[in-house]
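Hydrogens, waters and symmetry mates play no part in the numbers below; they use all other heavy atoms, side chains included. Remember, it's 1-based here, ligands and their atoms both numbered in the order they're listed.
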Amino acid sequence: MTGIYSRIIGTGSYLPAKVLTNKDLAATVDTSDEWIQQRTGIRERHIAAENESSSDLAYQATQRALDMAGITADKLDLILVATTTPDMVFPSTACILQAKLGIKGMPAFDVQAVCSGFIYALSTADLYMRSGQYEHILVVGAEVYSRILDWEDRGTCVLFGDGAGAVVLKRSTEPGILASRLHADGSYASILSVPGTVSGGKVSGRPLLQMEGTAVFKFAVKVLEEVALEVLDAAGMQKSDVDWLIPHQANIRIIQSTAKKLGMSMERVITTVDRHANTSAASVPLALDEAVRDGRIRSGHHVLLEGVGGGFTWGAVLFKW
Ligand code: COA
């Protein structure tokens, strides 16, 4: 402990204008609104316009987070963007975002941990902050999963959406982020992947998302409970001390099972999966921003954020608002 904490002083989010409902999907793939709602809790998702990339979504979310924080972009000392759908191979989406914000000089890099990306980036930012080098850090999760879906595969295309969420952290002597824990197990790579890349001027492999749904489901429920208990233990807190749980928004049944295992009623769980579907690294900051802006999360509340995703990766961050 350094006596330095990261406080979240601003949140922001952005959803592309186009809404794709389950009914819309049922017109193009062999599925139904009923099936999707029953198995996943998803009703609709947002889809980026053709000219919108992850950095555009990130830019909009960042402007809103900066507004709430009451600072201008030039005050940022470090920029982290969690994304699995970067604008291009390089430069990083963080560098592209930096240029769009009209600022330069401070370090900027992407964090690639799929649906745990925001949790990974937030934990990384917190540890940088505790080094004492920085005063303001921007952490963004931004995704355009619509670009990496096989729109003919009903087992996956109904599950995802596009969006971005951002937070601004400020160095403080008051908590702040209390603890974070991250994990990965690369031996599970094949159950959720986009097995393609660019090589010799061509796409090699298959650059579309593939998933073994049942295996992912089981893994997610197991590790989301484990890492929640681990981060609470690290902060010396009990399950009952948590005011709000914000898990990765992949499937309402995964969220309900996690809440049940943690002994939390669904009234203390923030959910957006019905309207956003799974926006990967953007899902947690999108849900956080919604709950901050509608007044559910209030001063002094303890909030537990959790992510799980391809890799496999998983992690949790516990903070005091
Ligand atoms: N519409 C209608 N039927 C569908 C369908 C769809 N969109 N997708 C799959 N089905 C069918 C299957 O083909 C299967 O039919 P069959 O019995 O004739 O073979 C049937 O529904 C059951 O499929 P199954 O995969 O066993 O369903 P499930 O209850 O496991 O639900 C998921 C599937 C994908 C919703 C579920 O496994 C899940 O949510 N997994 C985790 C996904 C996730 O969260 N990924 C991201 C993690 S970061």
Need the ligand 1 atom indices (1-based, order shown) with element for anything under 4.0 Å from a heavy-atom of [X].
| X | answer |
| --- | --- |
| Val308 | 48 (S) |
| Ala250 | 44 (O) |
| Cys115 | 48 (S) |
| Val158 | 7 (N) |
| Gly155 | 8 (N) |
| Ile254 | 44 (O) |
| His248 | 48 (S) |

pair Val19-Arg45: side-chain heavy atoms closer than 4.5 Å: no
Pairwise side-chain contact, Val227 with His183, heavy-atom cut-off 4.5 Å (strictly under): yes
For the student: nearest non-hydrogen atoms of Ile8 and Val167, plus distance: CG2-CB, 3.9 Å
Atom of Gly307, atom of Ile119 and distance for their closest heavy-atom approach: N-CG1, 3.5 Å
Protein heavy atoms: any of them under 4.0 Å from [atom]?
| atom | value |
| --- | --- |
| atom 27 (O) of ligand 1 | yes |
| atom 42 (C) of ligand 1 | yes |
| atom 16 (P) of ligand 1 | no |
| atom 11 (C) of ligand 1 | yes |

Heavy-atom nearest option to atom 33 (C) of ligand 1, drawn from Trp314, Phe217, Trp35: Trp35
Nearest option to atom 45 (N) of ligand 1, as decided by whichever heavy atom of Arg39, Met211, Arg154, Glu34 sits closest: Met211
Option from Thr72, Leu138, Ile96, Asp74 for which side-chain contact (heavy atoms from CB on, under 4.5 Å) with Leu101 holds: Leu138
Criterion side chain to side chain donor-acceptor pair (under 3.5 Å) on Ser6 and Lys170, from CA distance to verdict: CA-CA 6 Å; Ser6 312; Lys170 184 179 168 59; over 6 Å; no
Which residue supplies the protein heavy atom nearest to [atom], what is that atom called, and how far is it?
| atom | answer |
| --- | --- |
| atom 40 (N) of ligand 1 | Gly213 O, 2.9 Å |
| atom 39 (O) of ligand 1 | Asn251 ND2, 2.6 Å |
| atom 25 (O) of ligand 1 | Thr214 OG1, 4.4 Å |
| atom 47 (C) of ligand 1 | Val216 CG1, 3.5 Å |

Sub-4.0 Å heavy-atom contact, Ala220 with ligand 1: no
Asn278 and ligand 1 - part of the residue with a heavy-atom distance under 4.0 Å: side chain
Sub-3.5 Å N/O-N/O distance, Thr31 and ligand 1: yes
Polar contact flag for Thr40 and ligand 1 (N/O pairs, less than 3.5 Å): no
Whether His276 side chain and Val273 backbone form a donor-acceptor pair below 3.5 Å: no
Side-chain donor/acceptor of Ser283 to backbone N/O of Thr279, under 3.5 Å: no
salt_bridge(Glu290, Arg275) N-O dist < 4.0 Å: yes
Presence of salt bridge, Lys75 and Glu135, under 4.0 angstrom: no
Single hit among Arg64, Glu52, Gln60 for side chain to side chain donor-acceptor pair (under 3.5 Å) with Tyr14: Glu52
Partners passing ring pair (Phe, Tyr, Trp, His ring centres under 6.0 Å) against Phe219 (at least two apart in sequence or in another chain): Tyr188, Phe312, Trp314
Side chain to side chain contact (heavy atoms under 4.5 Å, CB included) partners for Ala189, two or more places apart: none
